[in-house]
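Data block below; observations after.
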Amino acid sequence: MNPLLDFSSLPRFADILPEHVNPAIEQLIEEARAAIGAATHAESVTWATVVEPLQDATERLGRAWGAVAHLNAVISSPALRDAHNAALPKVTQFYTEVGLNRGLFERYKVLAEHAANLTDEQRSLVNHEVRDFRLSGVELEGAARERYAAIQDQLAETQSKFEDNVLDATNAFFLDVPEAELKGVPADVIATAKAKAVEAKLAEGLCRLTLQAPCFLPVMQYAESAALRAQMYRANVTRASDEGDVKFDNGGHIQTIVALRNEEAQLLGFANFAEVSLVPKMANSPQQVLDFIRDISRRARPFAERDLAELKAFAAAELGIAELQSPDVMFASEKLREQRYAFSDEELRQYFPEDRVIAGLFRVVESIYSVRIVEGVAASWHKDVRFFEVLDEFDNRIGEFYFDLYARENKRGGAWADSARDRRMKHGQLQTPVAYMTCNFAAPVGGRPALFTHDDVITLFHEFGHGLHLLLTEVATLGVSGFGHVEWDAVELPSQFMENYCWEWDVLTHITQHVETGDPLTRELFDKMVAAKHFQSGLGALRQMEFSLFDMRLHAENQVADRATVLKLLSEVRAEVAVLVPPTYNRMPWSFAHIFGGGYAAGYYSYKWAEVLSADAFSRFEEEGVLSPVAGSAFRHEVLGRGGSRDAMTNFVAFRGRQPSVDALLRHNGMVTT
């Protein structure tokens with residue numbers, strides 16, 4: 001049996017081969033089309049005759065395609081990529097067909113008009129679906145309808161190519177240097193670079209550097225060679241662009257993606273794509289988002305200017321860097337942090353071995369949500385993947401999840417969480433959720449456990465927050481369980497909420513253990529960490545706002561996104577927001593996969609928008625106890641448990657008792673004047 005057609009249990013990742021992809025996807029699409037036909041011709045219009053059979057069929061397709069897309073992201077190979085890219089147009093075409101299906105739309109409208117016959121969850125889903133049908137062009141006619149469908153096909157293909165180019169450009173780069181040039185770089189990073197050199201059969205004494213985060217970031221942070229830092233910085237910021245290896249240049253893809261989105265918006269009757277993007281979000285208009293971005297930028301700017309002035313003065317006086325350049329920022333920042341707070345990220349990393357961090361993370365979750373997490377056994381896609389079960393207080397299984405935490409070649413960069421299976425009541429049986437959580441941390445080397453930086457720990461907690469949104473949902477209706485139909489600018493609330501725990505003494509005493517001595521983090525070092533928490537927070541906030549403003553303006557102004565226009569817009573945004581303007585060769589947008597490959601188009605502001613919610617939500621825990629099971633139960637029930645069955649602001653107010661305030665965000669980021 002084709003493993004992609006087996007839905008009896010967990011996905012059979014170990015058995016899935018590229019040749020399984022297209023036969024399975026084609027069969028599942030045909031089954032789903034048959035279900036749509038039956039739903040649109042059923043004699044009566046009820047949940048049982050329309051929605052449930054349609055959900056059965058489309059869920060099977062979604063789970064199979066989700067497994068394929070996941071494997072293509074984490075163990076990409078030429079054969080798997082070819083299979084994925086061959087199936088992608090078929091999947092895109094199917095979902096476009098669904099969105100344009102007038103008969104199905106009419107059935108959902110009937111259900112919405114007779115909502116008294118539905119449960120609250122069902123009513124919420126039906127209302128979301130009616131809205132999404134309209135956003136999917138269902139009311140278009142003739143040539144406009146055909147053009148809309150063609151746009152969706154071309155967008156899916158082009159966005160996939162954009163991500164492929166970023167991955168390929170990242171993997172294609174390497175720099176072979178003598179070990180002597182790596183003065184200052186941590187020993188385990190050098191050991192990994194040596195191992196890569198041996199694997200490539202290079203001459204003895206050479207090390208191979210890559211743009212994978214566990215290599216690139218420590219080189220930028222610790223390498224004493226300014227020339228090496230400049231070389232690595234330039235390679236990173238010119239990936240997939242005309243300034244890098246031109247065979248991966250994403251310039252044409254950016255122009256195509258933006259043009260297609262603009263055209264889609266016009267077809268749907270909107271002024272620009274930003275308006276389309278915001279319909280299912282909390283924010284009401286592009287102008288409201290622009291005002292929000294500029295307000296945060298205005299508040300952060302004095303702190304960013306102070307950060308930069310301090311850094312420039314330190315670099316000139318202590319490091320001999322007369323004029324601070326972008327490739328020097330991470331290096332100078334780390335040296336300033338070491339001098340000011342008497343510790344380094346590398347020193348701190350020795351306290352965060354993987355197993356201790358994971359055990360501490362689970363302790364937090366178990367304490368506040370009254371669950372238990374145990375390691376389990378399941379087939380996976382790589383030997384390094386770990387699998388866990390989440391149990392309730394009666395040892396009933398609530399959900400399961402996979403951890404894939406290490407960077408490797410042929411794995412997409414960054415960190416993310418996604419669903420392998422959503423919670424739903426299916427023909428009287430409860431289906432429990434299954435999640436993936438994926439990161440790109442440094443793998444174990446030299447017989448030592450994997451060591452995480454504190455930033456890695458924050459990332460792990462962040463992604464686990466997304467995972468909990470999927471795993472602790474109390475909704476049993478597919479489409480609004482987990483983070484289904486949660487407003488995109490609120491979907492980061494649970495993830496950013498979890499980041500707060502990485503700064504709590506009671507948490508860090510249980511999450512740290514020195515890799516050599518076994519000692520927990522000292523109070524002295526913890527106090528230094530906390531003192532350094534807001535180090536350069538102004539610069540960090542403005543960097544996020546730079547990305548957010550670029551994204552929103554690009555999608556709100558209907559610009560023709562050729563190379564000259566994108567660079568002009570980038571220059572304008574940096575002139576408005578940045579305090580240290582990057583060099584002209586910096587091609588950030590060319591690898592900005594969040595907005596050109598992922599789902600954050602005209603939505604990158606969501607990270608900061610949701611941070612307002614998360615900081616304010618955590619302030620209740622600060623008041624009642626950071627591990628308070630009472631506050632935890634309320635957060636689980638009113639926020640995590642509700643999914644998309646209720647709007648995000650209602651969820652927040654139900655938990656917090658009032659509207660959100662920006663004050664907690666400013667305090668958490670150290671942007672308050674004392």
Side-chain angles (χ1 to χ4, degrees), residues 5 7 24-66 87-153 155-156 264 267-269 276 279-280 422 424-429 431 475-481 484-485 644-645:
L5 298 175
F7 303 102
I25 296 303
E26 287 170 0
Q27 178 179 329
L28 292 167
I29 287 174
E30 286 310 306
E31 291 175 3
R33 284 184 174 134
I36 291 170
T40 53
H41 292 94
E43 289 185 13
S44 60
V45 180
T46 67
W47 182 270
T49 61
V50 175
V51 182
E52 201 160 283
L54 187 61
Q55 285 193 333
D56 288 347
T58 55
E59 186 199 22
R60 289 194 296 272
L61 173 60
R63 282 170 61 180
W65 181 241
L88 177 62
K90 302 168 190 173
V91 175
T92 305
Q93 182 181 12
F94 168 76
Y95 283 112
T96 303
E97 281 175 17
V98 174
L100 290 169
N101 190 307
R102 191 75 56 82
L104 203 55
F105 174 54
E106 294 300 332
R107 297 261 154 157
Y108 272 88
K109 283 203 299 183
V110 170
L111 287 171
E113 289 161 5
H114 296 85
N117 300 324
L118 304 175
T119 68
D120 289 346
E121 291 178 10
Q122 292 171 346
R123 190 179 306 114
S124 178
L125 177 68
V126 167
N127 289 335
H128 285 310
E129 293 294 328
V130 169
R131 177 200 68 197
D132 289 352
F133 268 114
R134 292 192 166 110
L135 287 178
S136 298
V138 74
E139 294 172 320
L140 297 176
E141 301 285 354
R145 187 179 180 85
E146 291 179 13
R147 180 58 190 151
Y148 181 90
I151 286 171
Q152 302 315 305
D153 290 345
L155 265 176
E264 175 189 333
L267 285 173
L268 293 175
V276 179
V279 172
D422 288 324
R424 70 177 289 203
M425 186 62 71
K426 186 175 180 179
H427 308 297
Q429 296 291 316
Q431 173 179 289
V475 175
T477 300
L478 194 65
V480 287
S481 65
H485 279 303
S645 68

Taken in chain and number order and not counting sequence neighbours, the residues that satisfy salt bridge (Lys or Arg N to Asp or Glu O under 4.0 Å) with Arg107 are none
Nearest heavy-atom contact between Gly137 and Tyr148 is N-CZ, 4.1 Å
For Phe133, the ring pair (Phe, Tyr, Trp, His ring centres under 6.0 Å) test, sequence neighbours excluded, returns Phe105, Tyr108
Taken in chain and number order and not counting sequence neighbours, the residues that satisfy salt bridge (Lys or Arg N to Asp or Glu O under 4.0 Å) with Glu141 are Arg102
ring-ring contact (aromatic ring centres under 6.0 Å, His included) pairs touching residues 113-132, sequence neighbours excluded, are His128-His485
d(Thr49 OG1, Glu43 CD) to nearest 0.5 Å is 10.0 Å
Quiz item: Side chains of Leu54 and Leu104: does their closest heavy-atom pair fall under 4.5 Å?
Solution: yes
CG of Leu155 to CD of Glu264, rounded to nearest 0.5 Å, is 6.5 Å
To the nearest 0.5 Å, atom CG of Leu111 lies from atom CG of Leu118 at 6.0 Å
Between Val475 and Ser645, the two heavy atoms sitting closest are CG2-OG, 3.7 Å
Output side-chain donor-acceptor pairs under 3.5 Å for residues 89-96, partner residues at least two apart or in another chain, one line each.
residue, atom, partner, partner atom, Å
Lys90, NZ, Asn22, OD1, 2.8
Lys90, NZ, Glu26, OE2, 2.6
Thr92, OG1, Leu88, O, 2.8
Thr96, OG1, Thr92, O, 2.8

Of all heavy-atom pairs linking Val45 and Val110, the shortest is CG1-CG1, 3.8 Å
Given side chains that start at C-beta, do those of Arg131 and Val279 come closer than 4.5 Å, heavy atoms only?
yes
- Message: Are the side chains of Glu97 and Ile29 in contact, using a 4.5 Å heavy-atom criterion?
- Response: no
dist Leu267:CG -> Arg147:CZ (nearest 0.5 Å) comes out at 8.0 Å
Separation between CG (Asp422) and CD (Gln431), nearest 0.5 Å, reads 8.0 Å
Sorted by chain and residue number, the side chain to side chain donor-acceptor pair (under 3.5 Å) partners of Thr477 (sequence neighbours excluded) come out as Glu121
Closest non-hydrogen atoms of Leu135 and Leu268, given as atom of the first, atom of the second and distance, are O-CD1, 3.2 Å
Rounded to the nearest 0.5 angstrom, the CG-CG distance for Leu478 and Leu125 is 8.0 Å
Across all chains, not counting sequence neighbours, the salt bridge (Lys or Arg N to Asp or Glu O under 4.0 Å) partners of Glu31 are Arg60
Nearest heavy-atom contact between Ala35 and Ala57 is CB-CB, 3.6 Å
Across all chains, not counting sequence neighbours, the salt bridge (Lys or Arg N to Asp or Glu O under 4.0 Å) partners of Glu106 are Lys109
| query | Does the side chain of Asn101 reach to within under 4.5 Å of the side chain of Val138, using non-hydrogen atoms? | reply | no
Hits for side chain to side chain donor-acceptor pair (under 3.5 Å) against His427, two or more places apart or cross-chain, chain-then-number order -> Glu52, Asp56
Applying side chain to side chain donor-acceptor pair (under 3.5 Å) to Glu30 and not counting sequence neighbours gives Arg33
For Ala112, the side-chain contact (heavy atoms from CB on, under 4.5 Å) test, sequence neighbours excluded, returns Val126, Asn127, Val130
Across all chains, not counting sequence neighbours, the side chain to side chain donor-acceptor pair (under 3.5 Å) partners of Arg134 are Glu139
